[in-house]
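Here is the structure we will look at, set down as structure tokens.
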Amino acid sequence: MVNVLVHFSFCVFQIFLLFNVANGKIHHQKFVVKSSSYTRLCSTKEILTVNGRFPGPTLKARRGDKIIITVYNKANYNITFHWHGVRQVRNSWSDGPEYITQCPIQPGNKYTYKVEFTTEEGTMWWHAHSGWARATVHGPIFVYPKRGSRYPFSKPHAEVPIILGEWWKKDVMEIPGNANITGGEPILSDAYTINGQPGHLYPCSKSGTFEMSVKHGKTYLLRIISAVMDEELFFGIANNKLTLVGKDGYYTKQIETSYIMITPGQSMDVLLQANQPPSLYFMAARAYSSATGAGFDQTTTTAIVKYSGSHRDHPQFPHYKFPHLPPYNRTQASTDFTKHFRSLATKEHPTNVPLHVNTNLFFAISVNLLNCSGKPCSGPFGKRFSASVNNVSFVAPSIDILRAYYYKIPGVFEKDFPRKPPKGFNYTGDRLPDNLFTPSYGTKVVVLEYNASVELVLQGTNVLASDNHPVHLHGYSFYVVGWGFGNFNPKKDPLSYNLVDPPEESTVGVPKNGWVAIRFRADNPGVWVMHCHIERHQTWGMTTVFLVKNGVDLKSKILPPPHDLPTC
Ligand code: C2O
Ligand code: CU
């Protein structure tokens, strides 16, 4: 019985059947990176794709499986691939961030990645980790329960990927370079997309609008991924309630909601109960943009949920229902949703939050400004944008940090990343002195002992403008034990930590003018980057790197490098 009730107009997804993936199985996949021509918003352009597809192919496996992906770079750009949310135990070599764990795969070359699923289960994704290539080079990863185990919710009738993206009419590969010349903000996008389609509110986009068909009375698992580059989004479906059941590849306690807020990098498993009268209902997403003064794409992307029994004669849908989404800058609406996140904390899905901490880190994250030499830049006050963690703006080296560490090549990075801000200040104060605007530069790593029990407080700042920063850590999942607005208070705030069922995540939104505290055990040796997943902040240097030392026994050491590791 192959009852494919979910149909995709402009279908780009392969629907693999579950029985194609066995337990502990090894899957092989070929990714050919090439330039393909796509038409959106009335104009055609060349974009980078995998296997000619946008969004790219879906990887499917069960927990405990391994996928081996050989990437052939047939494009004119360097490329690398990252498996976002997969811990890649002891295997930084397959993690992907360019100049951090590998040299890029140059045009004409290939490289084989090994992606092993250990504790992850649910929805994750893959994307390019080189320049701004990920705008079009990305796709879903679905990890199903092991054979013989089940979802911690009743089995959905069907699953539907919902990939949120962002589209520029201009060539995205040129955006960071151009922004670097002016020192100002990278150009704003022209559209957001759902499964590669902007939707009916944009010019020339009515007929392509993504449509999912549902049957009244059935439940659907929406696997929502934000592959958006620069904005957090509110997302909802008219008249239909959503139930969050998972995030970043870990299950959550169920949260019923009328909208979600999803940041770049996050993925959410959401149940949709089709219990409304048969009709067409819009799903829609638009920006949650909290930074005062920052420009953002104010457009709205849409797609259609079509109940069977309803019909549409013309692709003009003026009278169908539209979801109520919070106003663009409503931080309260964002935290009203995120504050409910809890892990399952059951026998099948236990939490392992470190109760005793031996390594305390405190990172203040800021958007900064630099003086321009010669003629004024187009950032605020004629300066150029920059960004930092503990006042260090990350500079990528010319060979990767992992190689330099493994082969003991000197002069590539330093081990003295500050474990707390060099000078404390009133991080979230209204008026901050100008001297805080200017960061220092460096390629510095944080060295962690193997198995250290780490608490990291991420403190947002009001330097220049405060914003919600989605901070993503490679190589780990972590528990979000606390959060709040204002400055973190080391005496008071830990008293209200949730050490019972904190959510397990790999991309956490640090609230505007607020903080989050995360905990993890440093049990994955290697080199792991942490950065803001808002692309322009990352481009400006809101990045740092953890170097987790080897343990004593063989099982706690980094794997040897593969033979085909690209060279710079
Ligand atoms: Cu989703 Cu470092 O990335
Ligand atoms: Cu950011």
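Along the sequence shown, the residues carry numbers beginning at 1. Counting convention: from 1, in listed order, for ligands and their atoms alike.
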From H531, does some N, O or S atom reach closer than 2.8 Å to atom 2 (Cu) of ligand 1?
-> yes
More than 12 foreign heavy atoms under 6.0 Å from CZ of R330: is that the case here?
-> no
Using a cut-off of 6.0 Å, state whether more than 12 heavy atoms not belonging to D430 lie near its atom CG.
-> no
Sidechain N-carboxylate O distance under 4.0 Å for D400, R403 = yes
NZ/NE/NH1/NH2 to OD/OE distance under 4.0 Å, E232 and K512 = no
Whether H127 has an N, O or S atom under 2.8 Å from atom 1 (Cu) of ligand 1 = yes
Output field for angle at atom 2 (Cu) of ligand 1, H129.NE2 vs H474.NE2, rounded to 10°, should show 110°
Do any of the N/O/S atoms of C532, backbone or side chain, fall under 2.8 Å from the Cu ion (ligand 2)?
-> yes
Which atom of H469 approaches the Cu ion (ligand 2) most closely (N/O/S) = ND1
Out of the N/O/S atoms in H537, what is the name of the one closest to the Cu ion (ligand 2)?
-> ND1
Report yes if the distance between the aromatic ring centroids of H537 and H531 is under 6.0 Å, otherwise no.
-> no
For H84, what is the atom name of its N, O or S atom nearest to atom 1 (Cu) of ligand 1?
-> ND1
Is it the case that R286 places NZ or CZ above or below the six-membered ring of Y328, under 6.0 angstrom from the centre and within 45 degrees of the axis?
-> yes
